[in-house]
4 protein chains.
Amino acid sequence: MAWEVKPDRPIYSQLIELIKLRICSGEYPLGSKLPSVRDLAKEASVNPNTMQRALAGLEEEGLLITQRTAGRFVTEDVSMIKKVKNELAVDHVKNFLEKMIDLGFNYEEIKTLLADMTKEMIK
Amino acid sequence: MAWEVKPDRPIYSQLIELIKLRICSGEYPLGSKLPSVRDLAKEASVNPNTMQRALAGLEEEGLLITQRTAGRFVTEDVSMIKKVKNELAVDHVKNFLEKMIDLGFNYEEIKTLLADMTKEMIK
Amino acid sequence: MAWEVKPDRPIYSQLIELIKLRICSGEYPLGSKLPSVRDLAKEASVNPNTMQRALAGLEEEGLLITQRTAGRFVTEDVSMIKKVKNELAVDHVKNFLEKMIDLGFNYEEIKTLLADMTKEMIK
Amino acid sequence: MAWEVKPDRPIYSQLIELIKLRICSGEYPLGSKLPSVRDLAKEASVNPNTMQRALAGLEEEGLLITQRTAGRFVTEDVSMIKKVKNELAVDHVKNFLEKMIDLGFNYEEIKTLLADMTKEMIK
DNA sequence: GTGGTCTAGACCACC
DNA sequence: GTGGTCTAGACCACA
């Protein structure tokens, strides 16, 4: 997954979302050690301070745990990750439904379109 | 619906999308006359030239028809609008599915979540 | 009240405590506007970023409210301030009791000493 | 009790306070022999010279008595220890009251809070 | 080497 | 003018 940040919102908050996604999707598995702040910053081509700020935010949320000298680790609390994953999903669904309703689709039409395209994308 | 334009993409292309949406959702009905370029530009807090460019784009696609002296009108070609509406919808569904799959959801889970939230949002 | 920061703990966290104290003691009254970040930073002889961080922390706690262009204001939620005031007080009492018990005093002795000295300090 | 020294004040003066506390609380009883300077220094992870300086200070105050060949002993003068104990206590009470008054508490409130928390901490 | 903190200086959006 | 964000570069404690 790429480190794509746009200039229209604070970088650190986009980083928070990207890392959240990586954790929820299992790219950074439960209990695993994250790369160091400096390495992550290099990867994402941002200043280490900015990455630090993002990681601090994730720590405050409870998704990461810091061991001062050893590095940062993904929480092992499955329920916490489940909760975050669900929050992200709910956001996506909400946005999606709003857009579709704006366009004038009703639930049945959305369901059908979704079913059709899922087959196509999985195929 | 608001005229919300972000500074991270060409404004005229955002305007195209916004007007498309208005046409597809029936806010600008088939065959109806659009407000003047100047009025639209004022509404959207945008330079008239930019709005002009957006409208020209829509005309090229066939969604708008200009009658030199009378103004611009929405096409009356239902199939054309249906096509555009479908294109927009397909984009949304595609984006949505990609995000959900990134998060690790499968089709059944997406369907369930969608059904639950639809009830909630309609309620 | 002076801006006394010691080099043995993060400055920003000391600033948080100092400002909390000012709010609880009424030096920054409920609903009042705080000096600007830059002015506060100058007053406390710290970098504006450090003061910014402290204020952000206080905002997250709900003690301050930011109005983007107008400045920062103390919350008007009395219960919130009462809660913080009580937390600070409980900390002080706890520390005090620990020290006195370490010294070998019991509750009756502490009470007496406190009563005597209170008279003296108020006198 | 731990040998906790912070880097923000002269170490030797912190050692003086820590040893005073130990004497007042009875950890080093009246008339008892103190560990050697070297042992104390090792315990406190401090340079022997620094510990030496602290002990010299305590001797000057009369709390310790050196017998050239036998080592250092805690004074047997009860009134002396009582006096020191009282000085320390008075300091703590003073600091405590100042902080509470800064916070806007009055004597009655302080008394109540103290009574409540004492029950809790003893319980 | 790790994370944590601080400073200096810059730019932005908003009004 | 206000707050908010970002970068660059430095120093510290810990192990």
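Below, chain A is the first sequence line, B the second, and so on; all start at residue 1. When reading the values below, keep in mind they use all heavy atoms of this one structure, side chains included, and skip hydrogens, waters and symmetry mates.
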K.L.:
So which nucleotide from E:dT7, F:dG3, F:dT5 ends up closest to the side chain of C:Asn47?
P.N.:
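The nucleotide sitting nearest to the side chain is E:dT7.
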
K.L.:
Return the minimal non-hydrogen interatomic distance between B:Lys85 and A:Gly104, and the atom names on each side.
P.N.:
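So the two residues come closest at NZ-O, 3.9 Å.
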
K.L.:
When you measure from the side chain of A:Thr69, which nucleotide among F:dT2, E:dG4, F:dA15 comes out closest?
P.N.:
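The answer is F:dA15.
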
K.L.:
Which dot-bracket string fits DNA chain F when only Watson-Crick or G-U wobble pairs with both atom distances under 3.5 Å count, crossing pairs get [ ], and | stands for a partner on a different strand?
P.N.:
||||||||||||||.

K.L.:
Counting only side-chain N and O atoms of C:Thr50, is one of them less than 4.0 Å from OP1 or OP2 of E:dT7?
P.N.:
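Affirmative; the distance criterion is met.
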
K.L.:
Name the residue closer to the 5' end of DNA chain E, choosing between A:Lys33 and C:Pro10 according to the nucleotide with the nearest heavy atom.
P.N.:
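The 5'-side residue here is A:Lys33.
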
K.L.:
Taking only N and O in the side chain of A:Arg53, is any of them less than 4.0 Å away from OP1 or OP2 of F:dT5?
P.N.:
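Yes, because at least one side-chain N or O of A:Arg53 sits under 4.0 Å from OP1 or OP2 of F:dT5.
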
K.L.:
Take the protein atom CG of A:Asp39 and the nucleotide atom C1' of E:dG1, then report the distance between them rounded to whole Å.
P.N.:
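To the nearest whole Å, that distance equals 11 Å.
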
K.L.:
So, is C:Gln52 close to the F:dG3 phosphate, meaning a side-chain N or O under 4.0 Å from OP1 or OP2?
P.N.:
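Indeed not, no polar side-chain atom of C:Gln52 lies that close.
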
K.L.:
To the nearest Å, how far apart are C:Glu59 CD and F:dT2 C1'?
P.N.:
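Checked: the CD to C1' distance equals 13 Å.
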
K.L.:
For a salt bridge (charged side-chain N to carboxylate O under 4.0 Å, His left out) check, start with the C-alpha distance between C:Arg22 and C:Glu17, then their side-chain angles and the critical distance, and finish with the verdict.
P.N.:
CA-CA 9 Å; C:Arg22 281 168 159 76; C:Glu17 287 172 19; over 6 Å; no

K.L.:
By nearest nucleotide on DNA chain F, pick out whichever of C:Ser36 and A:Arg9 is the more 5' one.
P.N.:
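Result: C:Ser36.
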
K.L.:
Using heavy-atom distances to pick each residue's nearest nucleotide on DNA chain F, tell me which of A:Asn49 and C:Gln67 is more 5'.
P.N.:
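This one resolves to C:Gln67.
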
